[in-house]
S.K.: 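I am attaching a structure below and will ask some questions about it afterwards.
Sequence lines set the chain letters: A, B, ... in the order given, protein chains first and strands last, and positions in each chain run from 1. Not measured: the values here are computed from a predicted model.
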Amino acid sequence: MGQTITEKILARHSGRDEVRPGDIVMCRVDLAMANDVTAPAAADAFARMDVATVWDRSKIALVASHFAPAKDIASANLMTRMRSFALEHDIEHLFEVGRGGIEHILLPEEALTLPGDVVIGADSHSCTYGALGCFSTGVGSTDLAAVMATGEIWLRVPESLRVVYSGAPPPWIVGKDLILSVIAAIGDDGARYMAMEHTGDTLGYLSMDSRLTLTNMAIEAGAKSGIIAPDQTTFDYVSSRQAAVGRHRDWPTLASDSDAAYASEVRIDAASLEPMVARPSLPSRAVPVGEIEPVRVDQVFIGSCTNARIEDLRIAAHVLGDERIAPHVRLMVIPATQRVWQQANAEGLLDLFAGAGASVSTPTCGACLGAHMGVLGPDEVCVSTSNRNYVGRMGHPSAQVYLANPAVAMASAVAGAVAHPAEIRPDAPNLVPELVVG
Amino acid sequence: MGRAWCYGDSVDTDVIIPARYLTTTDPAELAEHALEDLDAGFASAVQAGDFVVAGSNFGCGSSREHAPVALKGAGVGAVVARSFARIFFRNAINTGLVIVTCPELVDVTDSGDEIEVDLAKGVASNVTKNQSFQPEPLPDFILEIVECGGLVEWVKRRTNAA
Ligand code: SF4
């Protein structure tokens with residue numbers, strides 16, 4: 001019997017010819033990542049493990065993202081602990097504010113996560129990197145410390161869930177709408193413990209930016225990982241990023257065998273989708289935007305590792321055009337990385353947002369986790385391009401968060417209520433996917 | 001033996017310990033805010049040895065290890081659930097919070113019932129309702145980590161043996 005791409009990657013990293021779902025394997029890790037929330041606890045656990053130093057200083061990335069720039073003294077302390085750990089062990093990839101951004105957008109840009117890799121991140125959205133065709137998953141700080149100490153991790157080989165998308169996505173439909181449809185179809189734990197493998201002809205229409213959104217939200221269905229087998233889009237993206245940052249490493253082209261076994265399959269007819277909006281307070285409560293009741297919006301957040309790439313900002317800018325933000329709405333735009341910020345700036349997008357009455361900030365997770373830069377008060381309503389609308393996620397437990405793609409978010413900011421982008425702008429944008437900044 | 005605190009499905013790590021408290025890693029401080037956004041009365045009334053009893057997908061969401069640490073810090077004897085989200089499952093094993101997968105016990109338990117769990121014997125009981133069940137056993141490999149007292153000791157043993 002054949003193997004899935006996930007099984008092939010895990011077999012190659014555990015010195016076996018093949019692995020099967022349910023096997024527990026010790027896997028070699030190609031990149032370990034932690035952020036300012038998880039790195040300090042990982043550093044503490046590492047210290048208790050009694051090993052002299054990290055297994056490989058060039059395979060660890062530490063990223064200041066969640067509370068960066070430090071929002072208070074306690075978060076400054078967290079970043080100091082992360083920084084001193086990096087210095088002590090001479091960690092090669094430490095990304096400070098102003099030179100980094102949100103890890104899940106940053107590391108692919110940095111060509112640090114490549115097809116065929118095993119990537120372990122102390123952040124649940126580490127499943128994002130799977131868009132490049134690697135196995136990547138999120139763990140907690142102690143697991144990450146063990147990886148930093150040994151270069152290995154124990155993993156239970158996951159069953160795979162195959163998602164098959166068919167047809168050309170209609171105007172306004174991006175990765176966010178596809179993945180929200182999947183989560184609505186299978187539920188918040190519909191892919192629990194599984195590898196969510198995205199397949200089908202629709203992928204051929206999706207930029208790498210959109211694909212990264214697909215894999216980003218695997219965890220919102222409980223999945224261990226999300227993955228897309230490498231194709232020409234992957235090849236073009238990876239080679240252009242490797243060239244841009246001058247970091248080269250060979251990578252294998254792996255794909256699932258035609259007779260590989262899947263635990264289940266979900267079919268999504270992409271050609272008939274409408275933009276999706278997830279009602280509070282679960283991502284699985286997603287419905288077509290047309291079915292959403294009239295909701296007056298207090299805040300719109302265009303940011304996060306889900307939808308703050310250059311494509312997302314271009315879409316938002318296209319919807320905005322020469323409109324202004326509704327007077328009662330606060331719009332926060334937070335580009336995901338320094339490169340995205342610079343690119344958006346060069347294209348005049350940041351000026352456009354600011355001129356229309358938006359707040360534009362330096363890259364950070366910020367409002368996504370209710371940390372800073374736009375925390376919601378009691379009963380406030382927010383449309384967010386992020387991935388989680390759980391109770392209390394963005395601030396007060398009574399605040400209500402609707403998840404949507406960037407076009408719906410911007411349309412809602414202009415209309416002052418949840419809106420279909422076509423209400424503001426009749427034509428959808430032509431997307432130019434690449435990130436030009438080196 | 002301890003009292004049951006019952007909750008529903010998909011209790012996520014944002015309600016177990018909200019992000020606004022993630023600037024500390026101190027178990028006692030985290031414990032003061034455990035489950036605050038789901039049940040404001042929990043942290044002040046929970047007693048050492050009490051049980052959190054929940055539905056499916058317990059601990060979904062963020063990878064914050066602060067979640068099992070907060071519950072353990074609050075004195076929770078074990079979390080009994082229909083199922084656990086995978087990162088929470090790993091984090092609980094790694095940090096020594098006892099977790100028990102036992103849908104049958106969840107089915108019969110109401111808040112305030114007396115619960116008893118004996119992992120060595122493989123029994124989880126609702127004493128109030130006088131019913132006992134067999135929780136799902138942990139794979140041998142994971143038991144090895146539990147028996148070491150968590151992942152730190154397990155790694156130490158492995159690296160010293162190597
Ligand atoms: S943007 Fe939000 S979901 Fe993404 S890593 Fe940051 S806090 Fe997590």
S.K.: Checking Leu144(A) against chain B: side chain, backbone, both or neither under 4.5 Å from a heavy atom?
M.R.: neither

S.K.: Report which part of Ser10(B) has an atom under 4.5 Å of a heavy atom belonging to chain A: side chain, backbone, both, or neither.
M.R.: side chain

S.K.: Looking at every non-hydrogen atom in both residues, tell me the closest pair between Asp188(A) and Asn57(B) and how far apart they are.
M.R.: O-ND2, 3.5 Å

S.K.: What part of Val152(B) is in contact with chain A, defined as an atom under 4.5 angstrom from a non-hydrogen atom: side chain, backbone, both or neither?
M.R.: both

S.K.: Could you give the distance from CG (Leu369(A)) to CG (Leu22(B)), rounded to the nearest 0.5 Å?
M.R.: 7.0 Å

S.K.: For the candidates Ser141(A), Gly370(A), Pro283(A), which exhibits the highest count of non-hydrogen atom pairs separated by less than 4.5 Å from chain B?
M.R.: Ser141(A)

S.K.: Flag the one option from His66(A), Arg192(A), Arg156(A), Arg393(A) with the top tally of heavy-atom pairs under 4.5 Å to chain B.
M.R.: Arg192(A)

S.K.: Sort by residue number and list every member of residues 82-101 of chain B having a non-hydrogen atom under 4.5 Å from chain A.
M.R.: Ser83(B), Phe84(B), Ala85(B), Arg86(B), Ile87(B), Phe89(B), Arg90(B), Asn91(B), Asn94(B), Thr95(B)

S.K.: In Å and rounded to the nearest 0.5 Å, what is the CE to CG distance from Met394(A) to Asp14(B)?
M.R.: 11.0 Å

S.K.: Between atom CD1 of Ile142(B) and atom CD1 of Ile24(A), what is the distance when rounded to the nearest 0.5 Å?
M.R.: 4.5 Å

S.K.: What heavy-atom pair brings Val155(B) and Thr150(A) nearest, and what distance separates the two atoms?
M.R.: CG1-CG2, 4.0 Å

S.K.: By a 4.5 Å heavy-atom criterion (distance strictly below it), what part of Asp12(B) contacts chain A: side chain, backbone, both, or neither?
M.R.: side chain

S.K.: As a quick check of understanding, evaluate side chain to side chain contact (heavy atoms under 4.5 Å, CB included) for Ser62(B) and His125(A), giving each step before the final call.
M.R.: CA-CA 8 Å; Ser62(B) 139; His125(A) 289 101; over 6 Å; no

S.K.: Ala371(A) versus chain B, heavy atoms under 4.5 Å apart: side chain, backbone, both or neither?
M.R.: neither

S.K.: Do Asp189(A) and Cys60(B) have side-chain heavy atoms sitting under 4.5 Å apart?
M.R.: no

S.K.: Under a 4.5 Å cutoff for heavy-atom pairs, which residue among Asp44(A), Thr137(A), Thr38(A) has the most contacts with chain B?
M.R.: Thr137(A)

S.K.: Atom CE of Met49(A) and atom CH2 of Trp154(B): how far apart are they, to the nearest 0.5 Å?
M.R.: 9.5 Å

S.K.: Quick one: does Val15(B)'s side chain get under 4.5 Å of Tyr390(A)'s, heavy atoms only?
M.R.: no

S.K.: If you count heavy-atom pairs within less than 4.5 Å of chain B, which of Trp154(A), Phe67(A), Phe46(A) leads?
M.R.: Trp154(A)

S.K.: Between Asp72(A), Val139(A), Ile219(A), which residue shows the highest count of heavy-atom pairs closer than 4.5 Å to chain B?
M.R.: Val139(A)

S.K.: Of the non-hydrogen atoms in Gly61(B) and Ser124(A), which two are nearest, and what is the gap between them?
M.R.: O-CB, 3.4 Å

S.K.: Between Pro68(B) and chain A, with a heavy-atom cut-off of 4.5 Å, which part of the residue counts as in contact: side chain, backbone, both or neither?
M.R.: neither

S.K.: Can you give me the closest heavy-atom contact between Arg158(B) and Glu152(A), atom names plus distance?
M.R.: NH2-OE1, 3.0 Å

S.K.: Is Met26(A) in contact with chain B via its backbone, its side chain, both, or neither, using a 4.5 Å heavy-atom distance?
M.R.: side chain

S.K.: Looking at OG of Ser63(B) and CG of Asn35(A), how far apart are the two atoms once the value is rounded to the nearest 0.5 Å?
M.R.: 7.0 Å

S.K.: Chain B heavy atoms under 4.5 Å from Val391(A): which part of the residue, side chain, backbone, both or neither?
M.R.: both

S.K.: Checking Thr142(A) against Glu65(B): is there a side-chain donor and acceptor pair closer than 3.5 Å?
M.R.: yes

S.K.: Side chain, backbone, both or neither: which part of Leu38(B) has an atom under 4.5 Å from a heavy atom of chain A?
M.R.: neither

